Number of protein chains: 2
Amino acid sequence: MSRKPRVRSGSGVTMHDVARAAGVSAITVSRALNQPQQVSPALRDKVMQAVDALGYVPSRSASTLASARSRTVLVLIPSLGNTVFLDTLAGIETVLAEAGYQMLIGNSHYDAEQELQLLRAYLQHRPDGVLLTGLSHAAPFDALLRRHRLPAVYMMDLADDGRCCVGFSQEEAGAAITRHLLERGKRRIGFLGAQLDERVMKRLSGYRAALAEAGCHDAGLEWLDPAPSSMQMGADMLDRALAARPDCDALFCCNDDLAIGALARCQQLGIAVPARLAVAGFNDLQAAAWCTPALTTVATPRREIGIQAARSLLAMIEGDAPQALRLDLGFALMLRRSS
Amino acid sequence: MSRKPRVRSGSGVTMHDVARAAGVSAITVSRALNQPQQVSPALRDKVMQAVDALGYVPSRSASTLASARSRTVLVLIPSLGNTVFLDTLAGIETVLAEAGYQMLIGNSHYDAEQELQLLRAYLQHRPDGVLLTGLSHAAPFDALLRRHRLPAVYMMDLADDGRCCVGFSQEEAGAAITRHLLERGKRRIGFLGAQLDERVMKRLSGYRAALAEAGCHDAGLEWLDPAPSSMQMGADMLDRALAARPDCDALFCCNDDLAIGALARCQQLGIAVPARLAVAGFNDLQAAAWCTPALTTVATPRREIGIQAARSLLAMIEGDAPQALRLDLGFALMLRRSS
DNA sequence: GGCAATGATGTTAGCGCTAACAAAAGCGCG
DNA sequence: CGCGCTTTTGTTAGCGCTAACATCATTGCC
């Protein structure tokens, strides 16, 4: 087997080349780039000129190795296919980019074991901090975080144990939308749940609490399926639910995908929404406002969660305290035609 | 200002610690981890035991610096909010993860200048290769790629100039869906376009070609808006189009977002779809099958594009030729009720 | 048994950068 | 003018790893 020739990546220009070209020492180049105010304007200009002339691009690896700071943040999310997390990612990105940090994205596919593997793999990059989705993670996962003394911010939900978190109360939100259905005069309100991750289960428990409060909780109106949610699944679950309980007069779907599928199925079957069956979703995806009839749902501050979580994490990385250890960004009911 | 204490990140365990614990030299640890077949089973076991016992996590920076290989691939996409690119990312991820590579994701927001900045920023990580969306990029962008001798694979479209690309013919796809509308007996077929990126313009030119072929191209039936596409925008454009040309009998929307918005507006206005106005979209998003009426659209092999592009890139990184320099994965018409 | 070929392990040097300290230059003020 | 002070620049060492070479043991073969 012939050995492949080894070529240094990058354009091959190092900080020393820049230093030589500018007639200064390497450390001056380093400072001109990283702490410009510490270098006299004259030298700074000379350095910058040399940088441009040579097309110098600093090596992050060398910098990380020498300074023990990677200026990199690890973001772990459960799914790349879900708009919810993308909005959050977009928010994170704006904050990190501005601060000169870069973001490593890990997709755990809603699997605790995979999440652990991802953390292990990405630790090789020595991230300065981690942004996590949800509060509960595998025990070895938490241990690994602690062992590496990694600042972490938990997104999407609220903890009460001193961990830094940015989100809203999933339980409260589930209760709120259920109460809205109650106010609309519905009494036999069903729950469609898929994926069954931590957040879905909390919405479910909010739903139960609200119904119990009103004295009309009925365990026979809950349909749960651990498979990933999709519109197809929403349609299928609607069929199942109505077959089992034709008296059901409203449905709270744990997310908009399910709700949109259920709604479409109602259209096909000629079921009057909301008169015969009211439908509510969760997340307020773009499509929720555009299906027929428009979907009542819960708007969640996903982008803002990303922004605030990234800010808190950067503060922790700098050794400061985050603005708030427990940041509740709330949610909003979007009341539309489907209820 | 008090100086923050500096702490090495990572758990602080280095390869030398592992070597000492296992009673071997550092290079043996390195080999046991990276080229296990070069180390005798006995030593390999001892090393692995020490690795586990100490919780050693290798430092990617040090490895990158010493070996001039980062095992990292840069992926540049125009948008994080678009499911199209997410499916592609998911495909890329599976291939890269399996090969032990990691993926840096850059979001250019459909902006050539930002894309250039991103490349510059991410070059600091010395990626071993790049996956790009679309064929045309800023001139300095191409120059930078060349200067750094970065293997690149272009996704989503097909080039004829020797660049490695994986995708399908946007133009052909645009023509195909237009021909379908012609076959349905429509003659005054309009085009709704937003974003107006390279791919949208190619779909437009396919649309024009198909109509010219049939002798019914009418430039007055094209509505183009450079703003980002959304369902809201689809609804607005439908209003505009019908106000300007009430004789329009079909619409090819450059993507499903626009089409779904237009379709919803038709529902609101009581316009009969497809009898009075047929509607077609592009991409086959999940929601396309679930709107009312179900949307005719073009299914694109997004995930497969990611997979094949990543495979080709890995081959190029290893110094081999990619399986095919120009890989056409085709597309499929999804004919549904809206036409 | 001796010698080359093969395989397993070790030694050395250095990847490109920055922390920490050192030195030099400028500055204010009595 | 000379003292301490701040500001600017430089020197040294080493971050954790791996390529390249060196060394040592093993094996096969005549």
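All figures in this text were calculated on a predicted structure; none of them were measured in a lab. By convention in this document, chain letters (A, B, ...) are assigned in the order of the sequence lines, proteins followed by strands, and residues within each chain are numbered from 1.
In this structure, Arg31(B) contributes its side chain and Val39(B) its backbone to no donor-acceptor pair below 3.5 Å. A donor-acceptor contact shorter than 3.5 Å is absent between the side chain of Arg71(A) and the backbone of Arg60(A).
The phosphate of dT18(D) has OP1 or OP2 within less than 4.0 Å of a side-chain N or O from Ser30(B). Using a 4.0 Å cut-off, no side-chain N or O of Ser59(A) falls inside it from OP1 or OP2 of dC17(C).
Both Gln35(A) and Ser61(A) lie near DNA chain C, and the one whose nearest nucleotide falls closer to the 5' end is Ser61(A).
Tested against Arg326(A), the residues Asp157(A), Asp161(A), Asp160(A) include a single salt bridge (charged side-chain N to carboxylate O under 4.0 Å, His left out) partner, Asp160(A).
Under the rule for a ring-ring contact (aromatic ring centres under 6.0 Å, His included), Phe85(A) has no partner lying at least two apart in sequence or in another chain. For Tyr110(A), the ring-ring contact (aromatic ring centres under 6.0 Å, His included) criterion is met by no residue, not counting sequence neighbours.
The separation between Asn34(B) atom CG and dG16(D) atom P is 17 Å, rounded to whole Å. To the nearest angstrom, P of dC15(D) lies 9 Å from NE2 of His16(B). Following rounding to the nearest Å, Leu33(A) (CG) and dT18(C) (P) show an atom-to-atom distance of 8 Å. Taking atom CZ of Arg60(A) as the reference point, atom P of dC17(C) lies 13 Å away to the nearest angstrom. In this structure, CZ of Arg44(B) is placed 13 Å from C1' of dG7(C), rounded to the nearest angstrom. Leu65(A) places its CG atom 17 Å from the P atom of dG14(C), with the value rounded to the nearest Å. Remark: C1' of dG16(D) and CZ of Arg69(A) are 19 Å apart, rounded to the nearest angstrom. The CD-P distance, from Gln124(B) to dC17(C), rounds to 10 Å in whole Å.
Val130(B) is not listed as a side-chain neighbour of Tyr122(B), based on a closest heavy-atom distance of 4.5 Å or more.
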Atom pairs under 3.5 Å, N or O on each side, protein against nucleotides 9-11 of chain D: can you list them with distances?
| residue | atom | partner | partner atom | Å |
| --- | --- | --- | --- | --- |
| dT9(D) | OP1 | Ser40(A) | OG | 2.8 |
| dT9(D) | OP2 | Ser40(A) | N | 2.9 |
| dT9(D) | OP2 | Ser40(A) | OG | 3.3 |
| dG10(D) | OP2 | Ser25(A) | N | 3.1 |
| dG10(D) | OP2 | Ser25(A) | OG | 3.0 |
| dG10(D) | OP2 | Thr28(A) | OG1 | 2.6 |
| dG10(D) | N7 | Arg31(A) | NH2 | 2.9 |
| dG10(D) | O6 | Arg31(A) | NH2 | 3.4 |

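With no hydrogens or angles considered, a side-chain donor-acceptor pair links Thr28(B) and Ser25(B) at under 3.5 Å.
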